[in-house]
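First the proteins, then the strands, lettered A, B, ... as listed; each starts at 1.
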Amino acid sequence: MSQEKLVEIKNLKQHFKTGRHSVVKAVDGLNFNIYKGETFGLVGESGCGKSTTGRTIIRLYDATDGEVIFDGENVHGKKSREQLKKFNREMQMIFQDPYASLNPRMKVADIIAEGMDIHGLEKDAKGRESRVHELLETVGLNKEHANRYPHEFSGGQRQRIGIARALAVDPSFIIADEPISALDVSIQAQVVNLLKKLQEEKNLTYLFIAHDLSMVKYISDRIGVMYFGKMVELADADELYKHPIHPYTQSLLSAIPLPDPDYERTRERFTYDPNNHDTSEEPEFREVRPGHYVLCTTKEFEQYQREHGTGK
Amino acid sequence: MEKLLEVKNMHVSFDTYGGEVKAVRGVNFDVNKGETLAIVGESGSGKSVTTKALMQLIPQPPGRIKEGEILFEGRDLAKMNEKQMQKIRGKEISMIFQDPMTSLNPTMKVGNQIMEGLIKHQKMSKAQARKRVSELLELVGIPDAENRINQYPHQFSGGMRQRVVVAIALACNPKLLIADEPTTALDVTIQAQILELMKDIQKKTDSATIFITHDLGVVANVADRVAVMYAGKIVEIGTVDDIFYNPQHPYTWGLLGSMPSLDSEDEELYAIPGSPPDLLNPPKGDAFAARNEYAMKIDFEQEPPMFKVSDTHYAATWLLHENAPKIEPPEAVKKRMEGNANGSSSSEGERI
Ligand SMILES: Nc1ncnc2c1ncn2[C@@H]1O[C@H](COP(=O)(O)OP(=O)(O)OP(=O)(O)O)[C@@H](O)[C@H]1O
Ligand SMILES: Nc1ncnc2c1ncn2[C@@H]1O[C@H](COP(=O)(O)OP(=O)(O)OP(=O)(O)O)[C@@H](O)[C@H]1O
Ligand SMILES: [Mg+2]
Ligand SMILES: [Mg+2]
């Protein structure tokens, strides 16, 4: 992982109008960077805006406010066709639901090659075919699978087809929105091993959205925790698990179910009450420990530093 | 303990153009009043088909229950006609389907979808039902229920839709709740709330739950007993402690070994090698043999019977035969069997 920024998210907002007078602030002022070659894990309460963040970054939605800078260029706003094509190639998304995200009427080969066709990456049928076969092999399937339809595959295999499709246009950045939630643990392990291997081989950068915190910790370099449209804590994966500071993060970690019945019988869950925060001023994102940021007020910052700070 | 449900030698097949897919190949299990039975197992092993068959929700054709009895309070559901089943579904037995996106109607307001069952099964008036819907949504942790009931499913996040489906299933206080992956789209704090809510309701009404999930942490939390399925069969069944602390079937070992723990380092995760068997032509012998590093000659020839490990614990593996060599489960599994509640407990003190 380098210190070179690939994606910069600046004060990003996504507000949905849901009625004449009501607005859902799904994403409300996000600021973070994703470095080249890293996996940035995004976790948080259901409905806190993780998918919306991913979808806005990749331009499935126009941002209400703020900027997404990709490789030095603003993703949103007016774009030439050339620029759009470039973004669409460089950024790919793997969707949560391997059942709904593959067109049931298309053969696997055509699903995988769709992006290549749009971008005119392979000029002749032969090159296209061999590229599809190569991709199938990369994700642990084989060329016999090219002529089959999605319903003939298991959940794990379908998710691999989704990954092959994303890889087909040689992206540098992949947003994976809960890519493994629907799979059984052994297949989850296969897919995660595959994502890690591809990252090493192709120097890919990932934004990995998930609920399974043991998997997120395993795959991520850094993790951001969201709550109600805002980032409340951001740190290296190990650091976050060892020293959670924001009370929401603490409650999240205390709720991870572990495969150990005795532990589960005696587990004590810590519940988060957003009303317990200091309200004397607007909270800001501050560095409490090196590289470890928490959304807090001045007063809370001082308290967190006393309790968790290293004094640098 | 009083038996609520007894499933005996159930077989379910699908007739496809390629031939007969033998999705469920002779399963036997009981569910007692007030208990939670978790079903775990590989994708495609027949968990959803088994539970849908209980409610006669297998599309027919291509599907059919070939054989078997499904005794619910002594009545055989397999012999009931559609009209009789309609009285049972949603009222005595209700089901949370695996895919919350497809079980909600996209063109209907969320509130109306929940009200439907209440008006039909509970004979509530519209006003009563409306009030109950708000209560239910608050119960499953959807704030601002008053406004939310007027929204459509696409305006809800994935996890919110899942909670709506849970609310619908709980609406009629069923005797048996079948929950197929009810919390996969939820973050762990809301998941914990929903699990607590389900347990609470269960205790109050003495109802039973069949809980299907891939998350072994959730199993450890909710289950009294656990059934492990592989290729259309139950290969191991026992109390939750039997399965986590004394697993016997190599497939169960594979499952327990595949989960990363919070202190896993960078090493590659263990994944069970190979791919699941073709249910068009289920293999001879033990269906897991080809992927089982401990397989013996007999595994490829004869199907193992259910061996008794204890009064509560049974497993179908030849390794339990008296003449089989004594084999230790792999290291990663042994660590789990010791009840390692892993690395996270060490930071507990600082955390809270
Ligand atoms: N198209 C839309 N119209 C209106 N509101 C929306 C829309 N999409 C999302 N929302 C709202 O925005 C908020 C954030 O939703 P989002 O799907 O980003 O959450 P999430 O963090 O991905 O949750 P989950 O973990 O449950 O998938 C929710 O309150 C949701 O109801
Ligand atoms: N309509 C159908 N036609 C043909 N085969 C089917 C049909 N429905 C299910 N099957 C097959 O039955 C088998 C069991 O499927 P089932 O949905 O019960 O798996 P599962 O254990 O619930 O898996 P998952 O964990 O992925 O949900 C699979 O091999 C599946 O392909
Ligand atoms: Mg989402
Ligand atoms: Mg299923």
Quiz item: By a 4.5 Å heavy-atom criterion (distance strictly below it), what part of A/Y248 contacts chain B: side chain, backbone, both, or neither?
Solution: side chain

Exercise. Test B/V188 against A/H211 for side chain to side chain contact (heavy atoms under 4.5 Å, CB included), laying out the working first.
Key: CA-CA 7 Å; B/V188 290; A/H211 285 305; 5.9 Å; no

Self-check item: Donor-acceptor pair between B/R163 and A/S46 side chains, under 3.5 angstrom
Solution: yes

Self-check item: Per-residue contact mode, A/S251 against chain B (heavy atom under 4.5 angstrom)
Solution: both

Exercise. Select, from A/P247, A/S186, A/S51, A/S22, the one with the greatest count of heavy-atom pairs under 4.5 Å involving chain B.
Key: A/S186

Quiz item: By a 4.5 Å heavy-atom criterion (distance strictly below it), what part of A/V192 contacts chain B: side chain, backbone, both, or neither?
Solution: side chain

Quiz item: How far does CG of A/D212 sit from CD of B/Q191, to the nearest 0.5 angstrom?
Solution: 9.0 Å

Exercise. Would you confirm whether A/N193, through its side chain, and B/L269, through its main-chain N or O, come within 3.5 Å as a donor-acceptor pair?
Key: yes

Self-check item: Atom pair CD1 (A/I180) and OG1 (B/T184), whose distance is rounded to the nearest 0.5 Å
Solution: 12.0 Å

Quiz prompt | Distance (rounded to the nearest 0.5 Å) between B/S258 OG and A/Q190 CD | solution = 9.0 Å

Practice problem: Apply side chain to side chain contact (heavy atoms under 4.5 Å, CB included) to A/R269 and B/E196, showing your working. | Solution: CA-CA 11 Å; A/R269 197 156 63 81; B/E196 274 157 31; 2.9 Å; yes

Quiz item: Roughly how far, to the nearest 0.5 Å, is the NE2 atom of A/H21 from the CG atom of B/N147?
Solution: 12.0 Å

Quiz item: Taking the side chain from B/Y245 and the backbone from A/D262, do they hold a donor-acceptor pair closer than 3.5 Å?
Solution: yes

Practice problem: Tell me, with the steps shown, if B/D187 and A/V43 meet side chain to side chain contact (heavy atoms under 4.5 Å, CB included). | Solution: CA-CA 8 Å; B/D187 69 277; A/V43 302; over 6 Å; no

Self-check item: Rounded distance (nearest 0.5 Å) linking atom CD1 of A/I256 with atom OG1 of B/T189
Solution: 11.0 Å

Quiz prompt | Spacing of B/Y152 atom OH and A/T18 atom OG1 [to the nearest 0.5 Å] | solution = 13.0 Å

Quiz item: Using a cut-off of under 4.5 Å for heavy-atom pairs, which of A/R265, A/Q157, A/R267, A/E307 has the most such pairs with chain B?
Solution: A/R265

